[in-house]
Structures are given as structure tokens and as C-alpha cells.
S.K.: 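Dumping the structure here so I can ask a few things about it.
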Amino acid sequence: MRCSKRLRARLRADDGGVVVFVAICTVALLGLIGIILEGGGKMRAAERADAVAMEAARAGGQALDPAGAVTGTRVRADPAAATAAAYAYLSSAGVSGRVSASADGRKLTVTSTTPTSPTSPTSRTSPRSCPVGQRWERGADDASAGHLE
């Protein structure tokens, strides 16, 4: 009888110890889940910026100078038309960015910037915008001459 009283008294000394441990672990796990979700949103935004910049460069690269293209002597993009086509693609995709074309029509550079998703679960706690940008260059000599930075 005496032994069981001592055992009960000893066990009561740890009352609530598990609750504190579970509370600390829960807070840590919720923080980790938030970081994972934010990182995933940032990765999706970077992939979208990359895809939009690449497609805008492709659209601009298709704006060939017709006089040189028909004869086959000088297949180059018209810099003004290529820039306009790339800006039109960026506008239709709902993305901001910059487009520059070399004067000789051999190189088109598109830089797009997309914000991370405003509907992320942590946007209520961190409403700031975190833009993600990608740059894509397309050369006239090689159809796959893109260079991503």
C-alpha cells in the first residue's frame, strides 16, 4: 500500500509534461509546413516566369524580317516586330517584363517577373509580394540557343 502511494505521488510529479512536449512539437511542425508551402509557391512562380520568358522569346523570334526570309539570304528577326510580339505575349500572359532585341536581329532577350501566389496559406501572415524573375535569350542561329540566367 505504501509503495503504491509513493508510485502515485511520483507519477503525479510529471502531470502535464507530455502536453508541453506535444505543444512545442506542434508549433515546430506548423512552422515547417509553412516554410515548405512558401518554398513551393516560390518554385512555382520561378517555373512560370521561366516558361513565360521562354515563350515570349519564341514569339518574338518568329517575327522574321520578310525581305531577307523570302530570299533566304538573311534570316533575321525584325527587332521592332520581335520586341512588339514579345511584349504582346507578356501582356497576354498577365506578366510584367522587359524585352530587348539586338540591332542586327540576331538576339532577343526577355526578362519576366511574376509575383508569388497571393493565395498561399501564409499570405495572411506575410502579405508582401516576392517577385521572381527569369531571363531568356534566343539567338537567330540556333533554334535551341536559349540561355537561362
Side-chain angles (χ1 to χ4, degrees), residues 1-65 75-149:
M1 189 78 145
R2 193 174 208 187
C3 196
S4 75
K5 284 184 182 181
R6 272 194 236 164
L7 183 61
R8 283 186 203 162
R10 208 175 201 192
L11 291 175
R12 282 189 205 132
D14 285 338
D15 283 350
V18 173
V19 174
V20 172
F21 176 74
V22 169
I24 291 171
C25 287
T26 302
V27 169
L29 285 175
L30 288 176
L32 186 62
I33 289 170
I35 289 171
I36 289 170
L37 290 176
E38 285 292 322
K42 183 103 170 163
M43 284 177 53
R44 277 191 308 277
E47 288 172 6
R48 174 160 163 69
D50 177 37
V52 169
M54 184 173 52
E55 289 300 314
R58 181 201 49 80
Q62 290 178 343
L64 296 176
D65 180 20
V75 180
R76 302 277 190 260
D78 178 20
T83 302
Y87 272 122
Y89 187 87
L90 288 175
S91 176
S92 71
V95 174
S96 63
R98 290 176 294 144
V99 178
S100 64
S102 63
D104 63 355
R106 294 177 56 90
K107 189 176 191 181
L108 181 67
T109 304
V110 178
T111 305
S112 67
T113 304
T114 60
T116 55
S117 173
T119 59
S120 70
T122 57
S123 64
R124 290 185 180 92
T125 59
S126 59
R128 65 194 177 279
S129 175
C130 184
V132 176
Q134 293 292 337
R135 178 177 170 181
W136 186 265
E137 294 178 355
R138 180 167 181 144
D141 295 333
D142 184 10
S144 63
H147 176 67
L148 186 62
E149 293 180 350

S.K.: Return the minimal non-hydrogen interatomic distance between V95 and S112, and the atom names on each side.
M.R.: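 Smallest interatomic distance, heavy atoms only, reads CG1-CB, 3.8 Å.
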S.K.: side-chain hydrogen bond (donor to acceptor under 3.5 Å, both in side chains) with S102: which residues, sequence neighbours excluded?
M.R.: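 In terms of side-chain hydrogen bond (donor to acceptor under 3.5 Å, both in side chains), with neighbours along the sequence ignored, S102 is linked to D104.
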S.K.: If you compare all heavy atoms of A101 against all heavy atoms of L108, which two are closest, and at what distance to 0.1 Å?
M.R.: CB-CD1, 3.8 Å
S.K.: OG1 of T111 to CG of L90: how many Å apart, nearest 0.5 Å?
M.R.: 9.5 Å
S.K.: Give a yes or no on whether a salt bridge exists between R58 and E55, defined as a side-chain N under 4.0 angstrom from a carboxylate O.
M.R.: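 Salt bridge: yes.
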S.K.: How long is the straight-line distance from OG1 of T109 back to CZ of R98, given to the nearest 0.5 Å?
M.R.: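 Going from CZ on R98 over to OG1 on T109, the span is 10.0 Å.
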S.K.: Enumerate, atom names and distances included, each donor-acceptor pair closer than 3.5 Å involving a side-chain atom of residues 81-88, sequence neighbours excluded.
M.R.:
residue	atom	partner	partner atom	Å
T83	OG1	P79	O	2.8
Y87	OH	V99	N	3.3

S.K.: Could you measure the distance from the OH atom of Y89 to the CE atom of M54? Nearest 0.5 Å is fine.
M.R.: 9.0 Å
S.K.: Rounded to the nearest 0.5 Å, how far does CG of L32 lie from CG of L37?
M.R.: 9.5 Å
S.K.: Sequence neighbours excluded, which residues qualify as side-chain contact (heavy atoms from CB on, under 4.5 Å) partners of V22?
M.R.: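 Once residues adjacent in sequence are excluded, the partners of V22 under the side-chain contact (heavy atoms from CB on, under 4.5 Å) criterion are V18, T26.
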